[in-house]
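Below is one structure, written out as C-alpha cells, with a few remarks after it.
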2 protein chains.
Amino acid sequence: MKKITIKDIAIESGVSISTVSFVLNGKGEKMGISKAVIVKVQDVAEKLHYKPNMIASSLRTGKTRSIGLIVEDISNQFFSDLARVIEDEAKKLGYRVFYCSTGDDNERSAELIQSLLQANVDGFIITPTEKLEKSIDHLLKLKMPVVLIDRYFPNQNVSHVVMDNYNGAYVATEFFIKKGCKNIAVVNNTSEMIQMKLREKGYSDAMKEAGIYDETLTLHLDYRSNEESKIDAIIDFFKKKPGIDAVLFLANYMGLAGLQAFKRMGLRIPEDISIISYDDHYSFKLHSPSISVIEQPIDGIAVKAVQLLMDQMTNGNDFMIEKVLEKGKLIIRESV
Amino acid sequence: MKKITIKDIAIESGVSISTVSFVLNGKGEKMGISKAVIVKVQDVAEKLHYKPNMIASSLRTGKTRSIGLIVEDISNQFFSDLARVIEDEAKKLGYRVFYCSTGDDNERSAELIQSLLQANVDGFIITPTEKLEKSIDHLLKLKMPVVLIDRYFPNQNVSHVVMDNYNGAYVATEFFIKKGCKNIAVVNNTSEMIQMKLREKGYSDAMKEAGIYDETLTLHLDYRSNEESKIDAIIDFFKKKPGIDAVLFLANYMGLAGLQAFKRMGLRIPEDISIISYDDHYSFKLHSPSISVIEQPIDGIAVKAVQLLMDQMTNGNDFMIEKVLEKGKLIIRESV
DNA sequence: CTGAAAGCGCTTACAG
DNA sequence: CTGAAAGCGCTTACAG
C-alpha cells in the first residue's frame, strides 16, 4: 500500500514528471502537451488512485489553500453558524478552513494569528477583540489577505463585513415603543468594540427621538464574568428598577442570562416584561413564550466575507478595501 | 520581513544547518553538541524570531502532528463539547485537531476519512456511522492509529471509548418507575448503531424487570428527517397513546423535538408527562421546567480517547486494543 | 563533536 | 511538444 507519487505515474506513462505535473494541474493544453499524452497520464493517475500530496505542493508554492477563521466563541451559535457557512463557501472554492476561538482575549487572539501564520494559511477572516488593531496591522504589513467580520476598527483601513448594528437595535426599540412600552431598558456588555457601541446607539437614538431616553435604564455586564454573575447582575438591576416594562439584550448570551434571571424572579413574559434579543438561538425558539430576536444576516456576512477574501488572495495587491453593511431582520415571536 | 529558516540561523551562528536542526529539536545533547554551541544557536534563533516551517518538516518526516476528529454533527452540543475537550487535550501534547461532521451520512464519512488521510493526519478519532466498518478496516490495514468514540462495531477489534449506554437508560427508567410512573414510553431513532440499541435495551430491561414492558410504547424517529417531521411524528404518537405518563428520549435532539411537540399539544411537564433525555443541552437547563438528563461523561471520553490514540501513535504497532466504558450521570431537575 | 549531502513530493523556469 | 534540473525548508544517516 505504498504512496503513489507523480514519479510513479511518470514511469508508468513513459513521460517525465514535469509532463505529469502539468497535466494533473490542468496546464496540459497551455503547455502544448498532446491530447494523447494528456489522456494517457490522466488514465494512469486514475488507475493508480493517485492522490496529490498537498504538503509537498505547499512547500513548493508557499500556498496551502487554507484560510484561518478567528471568532469570539465557536460554541456560541451565532459564530458556529457563521463558521459553517464560511466553511461551505470556502470548500466550494477548494479551500479548507481552520477555526479557533479568542474567548475575547487579546493575548490569545494575537497568539492565534501567529500560529495560523505559522501554519501558512493563505488568508484570514477575523472577529477582532478590542486591542487587536496592532496585530491586524501586522498582517497588513505582511500583505496577508484579511477580512474582518462582525466588527472592525473605525480608523483602520481593512475590508470588513458586518451587520447594520445600529439599524437592528433602532428598529427593535421602535417596535417596543409602538407596542406601547414606556420604560425600555437595554443590556449591553462592557466592551468598547464598535458593534456594541452602535447597537447601544441605535437603542438610545430611538429612545431620544421618542423623548423617553433615560440613561439609568442601561445595564453593562462584564463580558468576562461567568453566566451566574451575569444572571445576578441582571436580577440586581431589575430589582432596583421595578418599572421596566421591556428590555433589549444586545447579544444572545446576555438574552439567555436574562431569561434565567426573569425565571428566578418570577417575572412573566410578556405580561410583566417584553423581550427582544440580538442574535437568534435555538433556546429562543424553544422557550415558552418564544423570544423575539434581531436575526443576524449570517449567510450574507459569510458569503460576502469569503468573496472579499478570495478577491484579495487572487488579485494580490490589486484589490479594493470594501466595507460592507448587511441588514439584520427583526423576527417577532411571543415575547413582546 | 523575509522568512527566517534554519539556514539563516546556521550562517549567523557559524555552524552547519544539521547542527542547528539538532539543537532546535532538543537533540543537541544526545548528538554530543557542545554546550556553548547549543546556547549560541538557541540565542540566534530567538534573536531572529525563528519559527519552524511545519510544512517542510512534515514533508520530510511524514508526520503532521495533527489528528482527524470525525463526529456526527459538530453543531450538536454533545459533539461540540467533546470536540473542545479533545482539542484541548491534543494541544497540550502539541497536536492540532481537524474536525468535521458526517451528518450520519456513510458516503460523506468515507470521503472525510479519505480527505483526512490525504491531509496526512497522524491518527483518527471517529464516531462511526452505520456502514463505516469497512472504511475503518481500511485505516487499520494502513496501520493508522484509530480510536472510536460514542459507538463502535461489536465485531471489530478497535480501541474505543463510549459511555455505558445500557446503564444510563436503565437507571433513568428505574427512576421513573420509583417515582410511580406506569406507562413509560421511549423515543429512539431508526439507527442500527450499537449505542442506540443498548440505550433501548437498558430501557426495555428495566421495564421488563418491573413487569410493565409494553412494546407499543416505543417510537422510532427517522434520523434523517428534519425537526418539524420529528415533532409531527411525536405528536402523532402521543395522541394515539394518551395514557403515557413518562417518556425517555434517547438523544438530545429527540428530547428537544419532544419539548416542542408537548408545547404544541399543551401538555404540562411534569404534571401531564415526565421527561428525561439523553445528553445535556443548554435548552434543557433553561427550559421551564428544567429537564432531567442523562449526562454523558464527556471529559472522561475525550481524555481517554486522546490518551489511547497517543499510545498508538507513539508505540507503533506495539499497543493494546482497549475498550473503555465510562459511566454517565443522571441529573435530576424539575421534569420528573 | 560537527558538516556535507540526500531526499521528502511537488512546481516551474529554462533549454531544446 | 517534452525533459532535466533546481529548489521549497526541513531531518537524518553517514562520514570524518
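Proteins come first, then strands; the chains are lettered A, B, ... in the order of their sequence lines, and each starts at number 1.
- Here the two rings, on B:Phe98 and A:Phe98, have centers that are under 6.0 Å apart.
- Donor-acceptor pairing under 3.5 Å is lacking for the side chains of B:Asp104 and B:Thr102.
- The NZ-C1' distance, from B:Lys7 to C:dA5, rounds to 14 Å in whole Å.
- Distances from the side chain of A:Thr19 to the nucleotides D:dT11, C:dT12, D:dG3 place D:dG3 closest.
- With rounding to whole Å, B:Asp8 atom CG is found 9 Å from D:dG9 atom P.
- Between B:Gly32 and B:Ala56, the residue anchored nearer the 5' end of DNA chain C, judged by the nucleotide with its closest heavy atom, is B:Gly32.
- As judged by a 4.0 angstrom heavy-atom cut-off over every strand, B:Ser18 is placed among the base-contacting residues.
- Listed pair A:Lys63 / C:dT11 fails the phosphate criterion, with no side-chain N or O lying under 4.0 Å from OP1 or OP2.
- Put simply, CG on B:Leu24 is 13 Å from C1' on D:dG9, counting in whole angstrom units.
- Contact check on A:Glu12 versus A:Lys47 returns a salt bridge, with a Lys/Arg side-chain nitrogen under 4.0 Å from an Asp/Glu carboxylate oxygen.
- The salt bridge (Lys or Arg N to Asp or Glu O under 4.0 Å) test with B:Arg151 singles out one residue from B:Glu130, B:Glu133, B:Glu72, and that residue is B:Glu72.
- With rounding to whole Å, A:Ile11 atom CD1 is found 12 Å from D:dA4 atom P.
- Across the strands present, C:dG3 finds its partner in D:dC14; the criterion is a Watson-Crick or G-U wobble pair with both atom distances under 3.5 angstrom.
- Comparing atom distances between the A:Asn53 side chain and each of C:dT12, D:dC10, C:dG9 picks out C:dG9 as nearest.
- Counting non-hydrogen atoms under 4.0 angstrom, B:Thr61 reaches the backbone sugars and phosphates but no base.
- Going from atom CZ of A:Arg60 over to atom C1' of D:dA6 covers 8 Å, rounded to whole Å.
- Between A:Lys27 and C:dT12, a side-chain N or O to OP1/OP2 separation shorter than 4.0 Å is present.
- No donor-acceptor contact under 3.5 angstrom links the side chains of B:Glu89 and B:Tyr95, judged on distance only.
- Phosphate proximity of D:dC10 to B:Tyr50: present, with a side-chain N or O under 4.0 Å from OP1 or OP2.
- Protein atom CD1 of A:Ile6 is 6 Å distant from nucleotide atom P of C:dT11, rounded to whole Å.
- Straight-line distance from the CZ atom of A:Phe22 to the P atom of C:dT12: 8 Å, rounded to whole Å.
- One interatomic measurement links the two molecules: CD1 of B:Ile17 to C1' of C:dA5, which rounds to 9 Å at whole-angstrom precision.
- Looking at the side chain of A:Leu59, the nearest of the listed nucleotides D:dT12, D:dG7, D:dG9 is D:dG9.
- Between C:dG3, D:dG3, D:dT11, one nucleotide has an atom nearer to the side chain of B:Ser16 than all others, and that is C:dG3.
- In the set C:dG9, C:dT11, D:dC10, the nucleotide with an atom closest to the side chain of A:Ser21 is C:dT11.
- At a threshold of 4.0 angstrom between heavy atoms, the contacts of A:Met31 include nucleobase atoms, whether or not backbone atoms are also involved.
- Of the candidates D:dG3, D:dT2, C:dC8, the closest approach to any side-chain atom of A:Ser34 belongs to D:dT2.
- There is a side-chain donor-acceptor pair under 3.5 Å between A:Thr19 and A:Ser16.
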